[in-house]
Amino acid sequence: MDNNKWQTAITDIEPGKIRVRGYDITDMMDNLSFAQTVYLILRGELPDDKEARMMEAILVSSIDHGASPPSVLGTRTVMSGGNSLNASVAGGVLVIGDSHGGAIEQSARIMQAWAEKEGTPQELAKSLVAEMRASKKRMPGFGHRLHKTDPRTLKLFEIAEKLEFSGRHTELAIAIEAELEKASGRKLPINVDGAIAAVISDMGFDWRLGKGFFIISRVPGLIAHAYEEMTTEKPMRTLGNTDFEYSGPPERKI
Ligand SMILES: CC(C)(COP(=O)(O)OP(=O)(O)OC[C@H]1O[C@@H](n2cnc3c(N)ncnc32)[C@H](O)[C@@H]1OP(=O)(O)O)[C@@H](O)C(=O)NCCC(=O)NCCS
């Protein structure tokens, strides 16, 4: 190793050769699915069959959720303003944050920190929810504007159970959902971000990769929305909520 050079352990290239994490790209093209390849590049090692199947389900789960999510509005608004496909998709990706899609990161961070503590999932959930409520914070990965029960969560948990990935983080997520309902009197279902956070935590992923899972899954959806906006809608059409009123000072003189 030459200490004057910076190091990368991801991909090695030379004329006529590309090796990702040591595997020849042409061999990968012959033998790996996209989900297996994503797992390899993020983790550095090939997944086993169960890890590959779980990864597949995670990446499929968030590909799109209709025309209303903020990232889709971001993509369509940038396109509607007269920009390129790449600018529109980048605009949508920039909208992904702690409240939308990116909740995976903070949800996984919290679950990983709390799952290490002593106590049953129910005991931990009780203390965690009390702490969040005392500091007036929302629990990332819980609540949904549309779904009372998020169908993607049920399916991800069902697959995780079958593949034996359902561990302490998933148990904690389920206990948090119950505790939130007990404490607030309203059902705040584990949304897809919370479910992915629990499952990737049970798979041993670092929480700092959390937003990456959503971005990888959602970008094809954003490309479809950018392309549809480009080919079927007129420029600068009205998008988003325009039901607002002015609340600033009345007309005045300088
Ligand atoms: C997703 C979300 C924005 C949907 O919100 P919504 O259904 O429009 O609900 P509101 O923002 O109007 O909140 C309604 C009430 O539920 C509470 N609430 C909503 N989500 C909550 C959460 N995750 N933790 C604790 N309380 C929550 C709000 O504080 C509010 O309480 P109040 O009426 O006492 O002030 C919201 O649940 C949230 O912020 N979740 C956390 C972020 C997240 O997981 N995002 C990923 C979405 S897929």
Side-chain angles (χ1 to χ4, degrees), residues 57-76 92-115 121-122 124-160 169-202 205 207-222 225 240-244:
I58 291 170
L59 295 186
V60 171
S61 71
S62 300
I63 191 154
D64 194 37
H65 191 272
S68 63
S71 54
V72 172
L73 289 174
T75 283
R76 283 182 175 266
V93 171
L94 284 176
V95 180
I96 293 169
D98 287 345
S99 300
H100 165 51
I104 299 171
E105 180 182 294
Q106 289 309 314
S107 190
R109 180 183 65 75
I110 294 169
M111 283 182 209
Q112 288 179 18
W114 281 73
Q122 289 69 27
L124 293 172
K126 195 165 181 197
S127 311
L128 171 57
V129 169
E131 213 173 85
M132 300 288 286
R133 284 175 68 79
S135 54
K136 300 207 180 325
K137 287 196 184 127
R138 291 180 179 210
M139 180 62 207
F142 293 78
H144 204 281
R145 207 156 276 164
L146 179 66
H147 306 298
K148 292 271 167 281
T149 305
D150 193 325
R152 299 164 297 182
T153 298
L154 295 184
K155 187 47 91 178
L156 280 173
F157 282 177
E158 181 194 311
I159 296 170
H169 301 94
T170 304
E171 285 170 19
L172 181 58
I174 292 166
I176 293 169
E177 183 186 55
E179 198 53 47
L180 278 170
E181 185 168 1
K182 222 191 281 171
S184 70
R186 64 161 61 86
K187 173 113 195 238
L188 292 165
I190 311 172
N191 58 45
V192 74
D193 286 21
I196 293 174
V199 172
I200 63 166
S201 297
D202 279 332
F205 278 100
W207 61 268
R208 290 170 294 188
L209 279 169
K211 282 193 174 95
F213 286 88
F214 190 80
I215 293 168
I216 297 165
S217 179
R218 185 55 61 93
V219 160
L222 294 180
H225 281 281
N241 184 358
T242 55
D243 184 20
F244 59 84

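The analysis underlying the following values was restricted to heavy atoms, covering all of them including side chains, and did not include hydrogens, waters or symmetry mates. Every number for a ligand or one of its atoms is a count from 1 in the order of the listing.
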Of Arg186, Lys187, Met139, which has the heavy atom at the shortest distance from atom 23 (N) of ligand 1?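 Among Arg186, Lys187, Met139, the closest heavy atom to atom 23 (N) of ligand 1 belongs to Met139.
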
On a heavy-atom basis, I'd like to know which of Leu188, Leu180, Ile196 is closest to atom 19 (C) of ligand 1.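 Checking each option, the heavy atom nearest atom 19 (C) of ligand 1 is found in Leu188.
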
Heavy-atom check, side chain of [X] versus side chain of [Y], under 4.5 Å:
X      : Y      : answer
Met139 : Leu188 : no
Pro121 : Ile174 : no
Ile200 : Leu209 : no
Arg208 : Arg109 : no

Any idea which protein heavy atom is nearest [atom], and the distance to it?
atom                    : value
atom 3 (C) of ligand 1  : Arg145 NH2, 3.8 Å
atom 1 (C) of ligand 1  : Gly143 O, 3.7 Å
atom 41 (C) of ligand 1 : Phe142 O, 3.5 Å
atom 39 (O) of ligand 1 : Arg138 NH1, 2.9 Å

Just checking Lys137: does its NZ atom have more than 12 heavy atoms from other residues, nucleotides or ligands closer to it than 6.0 angstrom?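 Count not over threshold, so no.
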
As a test of the contact definition, would atom 35 (O) of ligand 1 count as having a protein heavy-atom neighbour under 4.0 Å?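 There is no protein heavy atom less than 4.0 Å from atom 35 (O) of ligand 1.
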
Protein contact for atom 44 (O) of ligand 1 (heavy atom, distance under 4.0 Å): yes

Please indicate whether any nitrogen or oxygen in [X] is less than 3.5 Å from any nitrogen or oxygen in ligand 1.
X      : value
Asp193 : no
Pro140 : no
Asn191 : yes
Gly101 : no

Hey, mind stepping through His65 and His100 against ring-ring contact (aromatic ring centres under 6.0 Å, His included) and telling me if it holds? CA-CA 12 Å; His65 191 272; His100 165 51; 9.0 Å; no

With a 4.0 Å heavy-atom cut-off (strictly under), which part of Ser99 contacts ligand 1: side chain, backbone, both or neither? backbone

What is the minimum heavy-atom distance between Ser201 and Ala197, and which atoms define it?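 Closest approach of Ser201 to Ala197, heavy atoms only: OG-O, 2.7 Å.
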
Any Val192 heavy atom less than 4.0 Å from ligand 1: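 Checking ligand 1 against Val192, which is what was asked, there is no heavy-atom contact under 4.0 Å.
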
Take Thr170 and Asp202 through the side-chain hydrogen bond (donor to acceptor under 3.5 Å, both in side chains) test and state the conclusion after the steps. CA-CA 7 Å; Thr170 304; Asp202 279 332; 2.6 Å; yes

Does Ser62 form a side chain to side chain contact (heavy atoms under 4.5 Å, CB included) with Phe213? I'd like the steps, not just the answer. CA-CA 9 Å; Ser62 300; Phe213 286 88; over 6 Å; no

